[in-house]
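Data first, discussion second: the structure below is written as structure tokens.
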There are 2 protein chains.
Amino acid sequence: MTKKEIQKLIRTLETYCGDKGLRYTPPRRITLEVIAASKRPIGAYDVIEEMGKVTDKPKPTTVYRAIEFLQEHGFIHKIESLSAFVACHAGHNHEGSQFIVCNDCGTVEEVHLCHLPKDLQKKVDNTGFKMAHWNTEIHGTCQQCQA
Amino acid sequence: MTKKEIQKLIRTLETYCGDKGLRYTPPRRITLEVIAASKRPIGAYDVIEEMGKVTDKPKPTTVYRAIEFLQEHGFIHKIESLSAFVACHAGHNHEGSQFIVCNDCGTVEEVHLCHLPKDLQKKVDNTGFKMAHWNTEIHGTCQQCQA
DNA sequence: AATATAATGTTATATTGTTACATACTCAAG
DNA sequence: CTTGAGTATGTAACAATATAACATTATATT
């Protein structure tokens, strides 16, 4: 994300917290800034390192709590297969996430379909399952890395 | 899986290794047995514990190597969001996996679509991405646990 | 037997994530 | 203005997951 986009995202967080009666605090703000500024998915301990450059180096707990908060409220997503985090690019809360991950360079593209593909939806419906959220991660080699 | 199904799966592994010039070894066999026998996804360290009941308790490396082998050859899958493993239920190698995971009881159902849903396929094609594999994990509450 | 390859054994360590309990901040009711 | 409830952070210890590095053993082929 560009610096401008990050600033906008941070303002969105501030507004969101105000509206919901949640607190807009330094750990939450800085964690989001760091994740949004990263070109690739960033691990929690790398967030700690980055945060250490602008404040006292935080304890894991601090960052994990901020991450949990930001995830719950849709500002970031976890790429499970990498144990790493990216800023949400969709601009609104959604129950499904989809990522295309290059195994070579590690870059990730968020796809963002609004609905679970219907073959899967059918299966979910048939079994009486009540879906909370879903995630798809597609691995392979991006165009650049094939050259 | 039932004991019979496990036995059959183990024979499949043995045959597969024979055909491919790979080795059918105790760590590989026992790791697959343990994972297949588990009602739910089982973590690597629980595999170590279980394996310890039938042989000398193995080191993590031993089990992680067996897991890697079994994954590469399609006998097991990792549920990334749980850091845990399940036996493949599809009976053949496939590039995509889909799981429906109950957040309450932890049971997992493997869906097994043969193809990436077309909205995603389209996106992949458009970006010139060369897909290696893909994985979908659907979380929520199963019918039983809703009662 | 000599060699190459595949696989395991062993030790140590790196990485990721959580628990438990104390302290501080914010807001609203008395 | 203060007390109480709820929200959030600070701190220390630790648990869970995963990998690296190097030695040894097994298997098949020549």
query = Rounded to whole angstroms, how far apart are CG on A:Leu13 and P on D:dA8?
reply = 12 Å
message = Please determine whether any donor N or O and acceptor N or O are separated by less than 3.5 Å between the side chain of A:Thr61 and the base of D:dA12.
response = yes
Euclidean distance, atom CZ of residue A:Arg23 to atom P of D:dA8 [Å, nearest integer] = 6 Å
query = On a plain distance test, is the side chain of B:Tyr45 in donor-acceptor contact with the base of D:dA15 below 3.5 Å?
reply = no
N/O (side chain, B:Thr62) to phosphate O (OP1/OP2, C:dT8) under 4.0 Å = no
task = Decide if the gap between the ring center of A:His112 and the ring center of A:His94 is smaller than 6.0 angstrom.
result = yes
task = For D:dT30, give its Watson-Crick or G-U wobble partner with both distances under 3.5 Å, or none.
result = C:dA1
query = B:Ile42 CD1 to D:dA18 P: how many Å, rounded?
reply = 13 Å
Interatomic distance, A:Tyr64 OH vs C:dT15 C1' [rounded to whole Å] = 8 Å
ask   = Any sub-3.5 Å donor-acceptor pair from B:Ser38's side-chain atoms to B:Pro41's backbone N or O?
value = no
Nucleotide of C:dT8, C:dT16, D:dA18 approaching B:Arg28 most closely (side-chain heavy atoms) = C:dT8
key: Check: A:Lys123 main-chain N/O paired with A:Thr127 side-chain donor or acceptor under 3.5 Å   = yes
ask   = When the distance from CD of A:Glu80 to P of C:dT16 is rounded to whole Å, what number comes out?
value = 13 Å
request  = From the options D:dT9, D:dA18, C:dG17, select the nucleotide whose nearest atom is closest to the side chain of A:Arg65.
outcome  = D:dT9
request  = Evaluate whether atom CD of A:Gln144 has more than 12 neighbouring non-hydrogen atoms of other residues, nucleotides or ligands under 6.0 angstrom away.
outcome  = no
ask   = Between D:dT17 atom C1' and B:Glu68 atom CD, what is the distance in whole Å?
value = 15 Å
remark   = Against the side chain of A:Lys59, the closest entry in D:dG10, D:dT11, C:dG17 is D:dT11
ask   = Where the side chain of B:Lys78 is defined as all heavy atoms beyond and including C-beta, which of C:dT8, D:dT9, D:dA18 is the nearest nucleotide?
value = D:dA18
